[in-house]
Amino acid sequence: MAVKKCLDGQQKGHVVYMALGSEFMVSKSELIELALGLELSGLSFFWALRKPTGSTEFDSVELQHGFLERTRDRRIVWTSWVP
């Protein structure tokens, strides 16, 4: 299981987990602020990030340009159902 393998490689107790669920709607600007907060925290993180069911504000989950590259060594962004 890819998620478990990724998390097992992190120091125990030092990963921020964020999941809003597929029922909770956030705006694009709120999504950008959440991403910025994770980035600026300097902490490792696991973000279960899915497009909310019935969302009309955006067709796909898009993070600001460069976010994934800047956080690549300390993040897991999972865009499908987390097992």
Side-chain angles (χ1 to χ4, degrees):
M1 179 178 300
V3 174
K4 183 172 179 351
K5 183 177 180 181
C6 289
L7 290 174
D8 284 347
Q10 300 293 321
Q11 185 177 358
K12 186 175 182 175
H14 287 83
V15 176
V16 174
Y17 174 73
M18 184 167 67
L20 302 175
S22 58
E23 299 299 317
F24 187 77
M25 302 250 194
V26 296
S27 67
K28 283 186 179 181
S29 63
E30 290 170 324
L31 187 69
I32 290 169
E33 289 296 319
L34 288 168
L36 183 60
L38 287 171
E39 183 175 353
L40 292 176
S41 76
L43 300 170
S44 295
F45 61 90
F46 180 101
W47 191 357
L49 178 62
R50 294 187 49 187
K51 177 186 168 203
T53 304
S55 174
T56 57
E57 180 157 351
F58 49 90
D59 294 327
S60 64
V61 174
E62 293 180 23
L63 300 169
Q64 67 268 37
H65 180 73
F67 172 79
L68 294 176
E69 292 79 20
R70 292 189 304 271
T71 59
R72 95 175 122 246
D73 295 333
R74 58 187 181 85
R75 59 100 176 127
I76 302 165
V77 177
W78 199 265
T79 58
S80 61
W81 188 258
V82 179

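Computed from heavy atoms alone, side chains included, the values below leave out hydrogens, waters and symmetry copies.
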Gap separating the [atom1] atom of [X] from the [atom2] atom of [Y], nearest 0.5 angstrom:
X: L20; Y: L34; atom1: CG; atom2: CG; answer: 6.0 Å
X: H14; Y: L43; atom1: NE2; atom2: CG; answer: 8.5 Å
X: L63; Y: L31; atom1: CG; atom2: CG; answer: 5.5 Å
X: W78; Y: F46; atom1: CH2; atom2: CZ; answer: 6.5 Å
X: R75; Y: L68; atom1: CZ; atom2: CG; answer: 4.5 Å

When you measure from the side chain of [X] to the backbone of [Y], do you find a donor-acceptor pair of N or O atoms at a distance under 3.5 Å?
X: R72; Y: F67; value: no
X: Q10; Y: L7; value: no
X: R74; Y: E39; value: yes

From the list L38, V16, I76, side chain to side chain contact (heavy atoms under 4.5 Å, CB included) with W47 holds only for L38
Report yes if some heavy atom in the side chain of R70 is under 4.5 Å from a heavy atom in the side chain of H65; otherwise report no. no
